[in-house]
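Heads up, the thing below is written out as structure tokens.
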Amino acid sequence: MTDATPNTKSMDDIMALCKRRGFVYQASEIYGGINGFWDYGPLGAQLKKNLRDAWWQDIVMHPCRGKPGPDGKPVEIVPVDSCIIQNPKVWEASGHVGGFNDPMVDCKETKNRYRADHLLCMGMKGDSTGQIYAYIENNDDSFAAALKKLSKYKKQELTKDDIDICALTALSTEELVVTVGPDAKEAGTLTEPRAFNLMFKTYVGATASEDDVAYLRPETAQGIFVNFKNVVDTTRVGVPFGIAQTGKAFRNEVTPRNFTFRSREFEQMEIEFFCHKDDAPAWYQFWRDERMKWWQEIGLGGNNLQMREHDADELAHYAKDGGGAADVEYRFPFTAPGFGELEGIAYRSDYDLRQHAEHSGAKLEYFDTTRGELAKNGQPKGERYLPHVIEPSAGLDRGVLAILCEAYTPDPDRASGVFMKFHPRVAPIKAAVFPLVNKDGMPEVAATLHAELVRRFGHLGFIETDAKQSIGKRYARMDEAGCPYCFTIDGDTLNDNTVTVRDRDTASQERIALDAVGAFLAEKLGIG
RNA sequence: GCGGGCGUAGCUCAAUGGUAGAGCGUCAGCCUUCCAAGCUGAAUGUUGCCGGUUCGAGUCCGGUCGCCCGCUCCA
């Protein structure tokens with residue numbers, strides 16, 4: 001098999017176009033920028049909104065476009081919009097306070113960095129003197145290398161039965177000085193374990209004391225879990241159902257990289273879908289397939305999109321028997337030939353609700369009146385349980401980036417040299433209206449048509465008009481901005497009330513009636 | 001955070017330690033009846049930022065910020 005185009009696009013060229021055409025700017029650029037933050041310009045802001053709106057429409061307002069769930073019933077999803085700052089106990093319950101503070105160890109010799117809790121140390125049994133050798137947990141090569149170095153140091157052939165093992169984090173400062181790093185030759189090159197807090201910290205209230213510490217949310221998911229009981233109590237939803245929200249999340253990444261792919265401030269689109277434990281595998285399969293299909297339909301239909309099931313050893317311990325976890329991945333120019341994650345679909349069991357129930361003391365169990373054994377009157381007695389959760393969690397900014405990369409289409413045969421092949425549904429500019437020349441009554445007709453299209457389609461994106469310079473230059477500009485259709489008023493329009501429609505992807509034209517333009521565009525935008 | 005590379009106009013790039021430039025794009029006017037045509041004109045830079053060496057720094061040195069690559073990280 002051959003991939004004709006996937007790896008050949010230049011990320012530098014795509015970034016240059018994003019800047020040039022107003023899709024993405026570096027945040028605080030006039031002050032020299034700030035690492036890991038990006039702003040969207042006019043076209044980027046609308047593109048991002050269109051993608052978010054498409055998700056909202058297809059998830060919340062018309063779930064899965066009407067496709068029934070595995071139970072044969074309509075899929076039910078309701079939205080919430082929770083705060084970026086929550087009670088800090090939320091993040092203790094979710095495990096983020098612990099998990100986002102992984103101590104790291106650096107090796108001064110090899111410049112490698114390791115998670116401190118992933119390193120083990122070996123010494124000769126019954127001989128605690130001299131050097132200690134560190135190796136990486138669950139890594140046979142690293143273990144063998146350390147054993148070999150220890151054998152050479154002790155001048156005798158040692159096997160795994162001849163050694164004592166302990167965690168690196170259990171070593172004293174004195175012991176660390178005589179410890180040889182996993183990839184090092186000399187002892188004492190490892191630093192003390194240092195904490196890296198990946199959550200942004202802030203203070204609630206003006207006094208800013210340590211008692212007032214709060215965190216910017218590192219994911220939107222927990223805002224859903226903490227509102228589970230509220231939603232069940234105040235709306236008429238019943239399990240199985242989902243709660244969805246979009247919003248910003250913040251992670252103090254060690255190394256922001258690859259344009260907007262790993263940013264410190266980013267936007268997520270998340271669903272937490274609650275179902276009975278027995279139904280979880282079927283719902284997992286359902287969402288996994290639906291989400292893959294959605295990304296394909298939104299414009300990532302090429303061979304740069306793939307679904308990857310996580311291997312068993314990647315799975316969280318609770319994910320094994322409810323389906324599993326899978327990522328929708330896109331082959332970005334900077335990951336090629338590999339892929340980068342767009343969305344994760346994870347089986348989370350009842351882990352999150354259970355954690356919040358334990359930490360908060362709230363009763364989060366759901367009483368399901370459709371289950372349980374039948375009473376004498378034939379009605380089910382009901383069943384009380386913590387619902388299990390399937391979580392499709394997508395990165396909005398990553399989606400935008402994938403769409404930008406996929407749309408970027410070099411074409412030496414056209415004036416612009418490149419055009420942006422956006423799916424009409426997400427294209428930030430929906431249409432453009434041009435008078436062929438800026439005289440002879442054409443501008444007036446164009447202005448009238450433009451005003452009509454703005455009224456009818458302006459809520460979906462920009463409707464452009466432009467009478468300056470040559471028609472070829474205007475088409476070229478629209479190619480780079482990814483406008484799918486250009487309507488041109490020419491001399492014939494004045495005689496027979498027809499206009500030309502130029503198709504961005506083929507650069508070919510057809511004539512349609514002036515009063516049919518609205519219907520034409522509606523059909524092309526999929527809102528006929 | 002570590003190592004390497006890079007930083008000049010919106011973009012792509014010039015400029016031996018000696019007056020900061022070009023092409024494209026942008027804007028204005030003229031012209032123009034279908035794909036960046038042509039003509040005329042205009043705007044745009046504390047050379048990322050701060051400091052040092054020098055009579056003189058875009059150029060050399062130090063620091064800092066940012067971007068790219070490799071580590072690390074990616075809950």
Side-chain angles (χ1 to χ4, degrees), chain A residues 10-13 15-22 25-38 41 91 94-102 104-115 118 183 189 191 194-199 217-219 221-222 249 251-259 261-264 266 316 327 334 340-341 344 346 393 395 398 411 413-419 434-442 467-480 486-494 499-504 506-509 511:
Chain A
S10 154
M11 203 58 215
D12 286 344
D13 291 346
M15 290 171 69
L17 184 141
C18 283
K19 172 75 186 294
R20 188 167 72 241
R21 287 296 169 193
Y25 310 128
Q26 191 178 15
S28 307
E29 190 184 86
I30 63 171
Y31 287 101
I34 176 168
N35 196 357
F37 298 88
W38 300 88
W91 311 115
S94 68
H96 286 94
V97 171
F100 274 79
N101 281 290
D102 294 328
M104 306 295 296
V105 169
D106 287 318
C107 176
K108 295 171 200 161
E109 177 187 325
T110 64
K111 308 301 181 191
N112 287 339
R113 168 174 289 173
Y114 313 92
R115 265 179 67 166
H118 284 181
D183 304 300
T189 64
T191 63
R194 291 179 292 189
F196 287 82
N197 192 340
L198 295 184
M199 275 201 294
R217 65 184 174 197
E219 63 174 29
Q222 299 305 323
R251 292 178 198 172
N252 213 347
E253 297 286 355
V254 176
T255 309
R257 265 305 151 80
N258 292 328
F259 202 24
F261 183 77
R262 177 165 299 134
S263 301
R264 289 182 163 134
F266 56 99
D327 288 341
F334 49 80
E341 181 186 347
S393 170
R398 288 182 176 186
D411 182 357
D413 291 335
R414 60 176 84 194
S416 54
V418 62
F419 66 106
F434 297 141
L436 182 58
V437 291
N438 199 16
K439 62 180 184 183
D440 297 343
M442 295 179 206
K468 299 287 181 60
Q469 299 171 313
S470 72
I471 189 70
K473 183 172 275 194
R474 286 176 273 162
Y475 286 153
R477 237 184 243 130
M478 287 300 107
D479 275 348
E480 264 204 341
C486 296
F487 301 98
T488 300
I489 313 301
D490 60 15
D492 292 344
T493 308
L494 306 171
V499 301
T500 64
V501 186
R502 176 185 181 272
D503 183 278
R504 174 198 63 202
T506 62
S508 63
Q509 290 180 318
R511 282 202 89 82

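Just so we're on the same page: letters track the sequence lines, and every chain starts at 1. Reckoned from all heavy atoms, side chains included, excluding hydrogens, waters and symmetry mates.
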Using atom [atom1] of each nucleotide, how far apart are [N] and [M] to the nearest Å?
| N | M | atom1 | answer |
| --- | --- | --- | --- |
| B:rC13 | B:rC55 | P | 36 Å |
| B:rC6 | B:rU44 | P | 31 Å |
| B:rG70 | B:rG62 | C1' | 26 Å |
| B:rA9 | B:rG25 | C1' | 11 Å |
| B:rA57 | B:rA20 | P | 11 Å |
| B:rG41 | B:rG7 | P | 34 Å |
| B:rA36 | B:rU19 | C1' | 35 Å |

Residue matched to [N] through Watson-Crick or wobble contacts both under 3.5 angstrom:
| N | value |
| --- | --- |
| B:rA22 | B:rU12 |
| B:rU40 | B:rA28 |
| B:rC73 | none |
| B:rG7 | B:rC65 |

* Asked: Hey, does the side chain of A:Ser470 come within less than 4.0 Å of B:rA36's phosphate (OP1/OP2), counting only N and O?
  ->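 So the side chain of A:Ser470 is outside the cut-off, no N or O lying under 4.0 Å from OP1 or OP2 of B:rA36.
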* **Phosphate contact (B:rC69 OP1 or OP2) by A:Asn258 side-chain N/O below 4.0 Å** =>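 Yes, because at least one side-chain N or O of A:Asn258 sits under 4.0 Å from OP1 or OP2 of B:rC69.
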* To do: Please state whether the base of B:rC34 and the side chain of A:Arg502 form at least one donor-acceptor pair under 3.5 Å?
  => no
For nucleotides 44-47 of chain B, give me every protein contact, N/O to N/O, under 3.5 Å, one pair per line with atom names.
none

Atom pairs, N/O to N/O, protein against nucleotides 22-29 of chain B, distance under 3.5 Å?
from   : atom 1 : to       : atom 2 : distance (Å)
B:rU26 : OP1    : A:Arg477 : NE     : 2.9
B:rU26 : OP1    : A:Arg477 : NH2    : 2.7
B:rA28 : OP1    : A:Lys468 : NZ     : 2.9

* Contact check, side chains of A:Asp490 and A:Arg511, non-hydrogen atoms, under 4.5 Å -> yes
* **A:Arg217 side chain reached by A:Gln222 side chain, heavy atoms, under 4.5 Å** =>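 No, their side chains stay 4.5 Å or more apart.
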* Asked: Would A:Arg504 count as a cation-pi partner of A:Phe419, with NZ or CZ less than 6.0 Å from the six-membered ring centre and within 45° of the ring normal?
  ->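 No, A:Arg504 does not lie over the aromatic ring of A:Phe419.
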